[in-house]
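Everything numeric here is computed off the predicted structure, so don't read it as measured data. Quick note: residue numbers are just sequence positions, from 1. Order of appearance sets the numbers: ligands from 1, and atoms from 1 within every ligand.
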Amino acid sequence: MSLISVRKTPRYDPALLRQAVEEHFAALEVEKDLAPGMKVLLKPNLLAARKPEQAVTTHPLLIQAVIDWLRDRGIRDITLADSPGGPYTEGRLRSVYAASGMDTLAGVKLNLDPEAAPVEQPRGKNCRRFDVIGPVRQADYIINLPKVKTHGMTVVSLGVKNLFGVVPGLGKPALHYRHPGWEDFAGMLLDLADLIAPAVTLVDGVLAMEGDGPSGGTPRELGYTFAGRDLFALDRFLAGAVMGLDPEGIPMIRQAGERGWGTEAPVLTGDALEEIPPFARPKTQDTNFTGYLPGFLRGPVQAAMTRIFRHRPKILREKCIGCGRCAESCPQGIITVTGGKAKIAPRGCISCYCCQEMCPVQAVK
Ligand code: SF4
Ligand code: SF4
């Protein structure tokens, strides 16, 4: 049985967030898992150095509520870790912590050690070896803390996609390079999620993002938090029932179903979900004409359509500030910055949209 806890959480108010965390974790019986001396790892979404109100990163007040809940149960060894986009260095981590408000958190260690090592994934179908950052390898217990967002390449960024951040820095473009097809990449993400296997996922859906996520979309007030232990069932529920998207048109969710993961109808507990208007899809995903087809055909037809009609990124020269973030993240190495402006070579693009994701001024369309 996949139990999903739904709580109305209309704003980032410490008392409301604390109550939501209490109720989510009571419903999922998280306390039973904990033991004195455990190393607990919090894995938020820290994609880039953005302020909490930009809806790119998991909100620090929700994370603080989780830390306080753990400390009240005697857990003292709590570490927060993620590898943002770009190089995995102490300097980059410090700047992301400062911008996203993580440096205001109390009672947690913010990881500053850019150490990582390979881990085998014997069950991997698309990928059997991942570089994984140190605190994730060393943790006894992992709490996954994603945000509800759309995503140019993977359609949604929820629990599964959030775990891509356990791969250090430029190891991420390397995985894009090794898995250039959207379907292959989705399978790789599932292998990684199966390897990391967080004990519980608590989702920040207070302020979500729609449109051209995960960094250049539009913040959208959603007013809920969600939690579950079955990561794949939770993603399927959030994409379909909350964001109003077709889960079968999202490769990583459809493929999870093909592996037999997350397909069981979930049991909901907590607050009723009100009618939510569908989320705006990323422009890169607007080639879905499959709504008239029977459900079993939608996934394969959509996959073929997006291959044929795939969007390519374009640099808006008037906005570009020449920072080079896109170039350092491009797995194909086809972006150069000359004369203070980025330029994408005409061939070689695999439509991963890492360049769009990392651009701090939304100069990639
Ligand atoms: S140009 Fe952008 S979308 Fe194309 S491969 Fe490079 S990072 Fe990915
Ligand atoms: S396109 Fe964006 S990320 Fe790339 S150099 Fe210009 S401003 Fe920087």
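- In this structure, P313 has a heavy atom closer than 4.0 Å to ligand 1.
- Not a single donor-acceptor pair under 3.5 Å links the side chain of K125 to the backbone N or O of D191.
- Of all the atoms in ligand 2, the ones that sit under 4.0 Å from a non-hydrogen atom of C326 are 1 (S), 3 (S), 4 (Fe), 5 (S).
- Hydrophobic clustering of Ile, Leu, Val, Met, Phe, Trp and Tyr side chains at less than 4.5 Å, counting indirect connections, keeps L145 apart from L47.
- For ligand 2 and I321, the ligand atoms under 4.0 Å from any heavy atom of the residue are 6 (Fe), 7 (S).
- Atoms of ligand 1 found under 4.0 Å from any heavy atom of Q332 (numbered from 1 in listed order, with element): 5 (S).
- Within the 4.0 Å heavy-atom criterion, the part of V361 lying near ligand 2 is the side chain and not the backbone.
- A donor-acceptor pair under 3.5 Å is absent between the side-chain atoms of R73 and the main chain of L34, judged by distance alone.
- Nearest protein neighbour of atom 7 (S) of ligand 1, counting heavy atoms only, is C355 N, 3.5 Å.
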Start with the C-alpha gap between F185 and H176, add the side-chain angles, then the distance that decides, and say whether side-chain contact (heavy atoms from CB on, under 4.5 Å) holds. CA-CA 7 Å; F185 190 79; H176 276 288; 3.2 Å; yes

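- Under the 3.5 Å distance criterion, the side-chain polar atoms of Q54 are matched with a main-chain donor or acceptor of K51.
- Nearest residue to atom 4 (Fe) of ligand 1 from A327, G152, A342, C349 is C349 (criterion: closest heavy atom).
- What sits closest to atom 6 (Fe) of ligand 1 on the protein, heavy atoms only, is C330 SG, 2.4 Å.
- Ion pairing of K283 with D212 is present here, as a side-chain N (NZ or NE/NH1/NH2) and a carboxylate O approach within less than 4.0 Å.
- The protein atom (non-hydrogen) at minimum distance from atom 3 (S) of ligand 1 is Y353 N, 3.2 Å.
- Of the possible polar contacts, none joining the K172 side chain to the G85 backbone as a donor-acceptor pair under 3.5 Å is found.
- Within the listing of ligand 2, atoms 5 (S), 6 (Fe) sit less than 4.0 angstrom from a heavy atom of G322.
- Residue-ligand proximity, C323 to ligand 2, at heavy-atom distances under 4.0 Å covers atoms 3 (S), 5 (S), 7 (S), 8 (Fe).
- Ligand-side atoms of ligand 2 in range of V364: 1 (S), range being under 4.0 angstrom from any heavy atom.
- Between Y12 and H59, the ring planes are parallel. Angles under 30° get that label, and only those over 60° would be called perpendicular.
- Under a 3.5 Å cut-off, the side chain of R236 and the backbone N or O of I253 do form a donor-acceptor pair.
- At a cut-off of 2.8 Å, C352 does not coordinate atom 2 (Fe) of ligand 1 through any N, O or S atom.
- Side chain of S351 to backbone of H311: a donor-acceptor contact under 3.5 angstrom is found.
- Here I335 has no heavy atoms under 4.0 Å from ligand 2, in either its backbone or its side chain.
- Across the listed options I315, I350, I344, I350 owns the non-hydrogen atom lying nearest to atom 5 (S) of ligand 1.
- Not one N/O/S atom of C359, from backbone or side chain, sits under 2.8 Å from atom 8 (Fe) of ligand 2.
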